[in-house]
Amino acid sequence: MSTLRPALSSTLALLGSTTLLVSMTAQADALEQQRQDLQHFQVIAHRGASGYAPEHTWYAYDKALAMGADYLELDIHMSADGRLVAIHDTTLERTTDGQGLVKEHSLDELKALDAGSWFNAAHPEYADDAYAGAKLLTLDDVIDRYGQDVRYYIETKSPKDYPELQDALVSRLEAEGLVQSGSVVIQSFSQASLQEVHKLNPDIPLIQLLWYSPGEDGDTLEEWTGVTPSPANITDADFQAIADYADGVGPNYLYEGEPVIDARFIEQAHANDLLVHVYTINDKDRMRRLLDWGADGLFTNFPDRLKEVRAEAE
Ligand code: G3P
Ligand code: CA
């Protein structure tokens, strides 16, 4: 009897550490697989298949997945009671029958809103009676439905309004095993938000969003938050500063129909080990051009169109 117990406990200890080792290896493999997949052109469903159904609803997400999107893009705000809610605007007027700031409404109040009827009015060509009464969704709702079978491309929206957003988001994703399973990318226009996420969990792939538009002189392009100078004046050092915390950049392609980036921008980003995911491209000719220029992925409201364009190029 006495000799058995030490033997048993060391066997159990060995078993325990082996199991841990196996799961850590599996996690490392999943993260590595995600990074390898990101080297291939990605179809990112912008707010879901938001060209065909009300953005950030089950209809838009289910359609995007049925169309074979690689990532579901989610914009995240926080409710007054601290829940992570998928909605683009800081206010409710455009995509619900509500009014005012998202952050001034409790989840119960947000859940009582109709987040679908507006779409039928705005897009009669894709209208569907089923959309009326569609609900706003929390990140938890989305994770409960799709789990680790789907990849999520999550934007921290207006982090200045939600100082606790980064911590709440990363803890939620870790708790659901979504970081370790290689199922999430986090994106933001806010450099500070991404740098905080990087500190919280350096395993999460990060994309620095960029918005280029004409500055006060009406000519020179400026980046909204000053992360970079104009595309024409970007240096390797500017890109390297982003590469310190992020895996890629997410620039707009057009400003009022005029291109603001070109093939040289993508080449230079690549030369500095940065992926380039361009937003928001719904036109097939533009999809083909950006694919030709070497973009690593595009945000689109029409994932089916982008899948077809990608298939043409394969
Ligand atoms: O997140 C990428 C792109 O969607 C950024 O613009 O305003 O659509 O969130 P926005
Ligand atoms: Ca977004």
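Only a predicted model underlies this, so the values are computations on that prediction, with no experimental measurement involved. Just follow the structure's listing: the first ligand is 1, and inside any ligand the first atom is 1.
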Got a second to check how far D283's CG is from R305's CZ, nearest 0.5 Å? 8.0 Å
Taking only heavy atoms of Q187, which atoms of ligand 1 are found under 4.0 Å from at least one of them? 1 (O), 2 (C)
Going by distance only, is there an N or O of Y279 that falls short of 3.5 Å from an N or O of ligand 1? no
Answer with side chain, backbone, both or neither: which part of W211 has a heavy atom less than 4.0 angstrom from an atom of ligand 1? neither
Identify, by name, the N, O or S atom of E73 lying closest to the Ca ion (ligand 2). OE2
Answer with yes or no whether R47 contacts ligand 1, where contact means a heavy atom under 4.0 Å from a ligand atom. yes
Provide the number and element of each atom of ligand 1 under 4.0 Å from a heavy atom of H88. 7 (O), 8 (O), 9 (O), 10 (P)
Against heavy atoms of L209, which atoms of ligand 1 measure under 4.0 Å? 1 (O), 2 (C)
Any chance the side chains of Y279 and H46 put a donor and an acceptor closer than 3.5 Å? no
Go through the side-chain N and O atoms of Q191 and Y245 and say whether any donor and acceptor fall under 3.5 Å apart. yes
Checking salt bridge (charged side-chain N to carboxylate O under 4.0 Å, His left out) for the pair D81/K103: CA distance, chi angles, key distance, verdict? CA-CA 8 Å; D81 42 359; K103 69 177 184 180; over 6 Å; no
For the pair F189 and W224, evaluate ring-ring contact (aromatic ring centres under 6.0 Å, His included) and give the outcome as yes or no after the intermediate values. CA-CA 8 Å; F189 287 102; W224 181 29; 5.1 Å; yes
Close-contact set for ligand 1 against E73 heavy atoms, below 4.0 Å: 1 (O), 2 (C), 4 (O)
Under a 3.5 Å cutoff, is there a donor and acceptor pairing between the side chains of Y153 and D70? no
Under a 3.5 Å cutoff, is there a donor and acceptor pairing between the side chains of E174 and N201? yes
Might you confirm whether atom CD of Q36 has over 12 heavy atoms from other residues, nucleotides or ligands at distances under 6.0 Å? yes
Counting from 1 in the order shown, the ligand 1 atoms closer than 4.0 Å to a non-hydrogen atom of D75 are 9 (O)
I need the nearest protein heavy-atom contact for atom 4 (O) of ligand 1: residue, atom name and distance, please. H46 NE2, 2.7 Å
Working for salt bridge (charged side-chain N to carboxylate O under 4.0 Å, His left out), residues E55 and R94: CA-CA 11 Å; E55 59 188 63; R94 182 177 65 85; 2.8 Å; yes
Can you list the ligand 1 atoms lying under 4.0 Å from a non-hydrogen atom of K157? 7 (O), 9 (O), 10 (P)
Can you tell me, to 10 degrees, how wide the angle at the Ca ion (ligand 2) is between OD1 on D75 and OE1 on E155? 80°
With a 4.0 Å cut-off on heavy atoms, is F189 in contact with ligand 1? yes
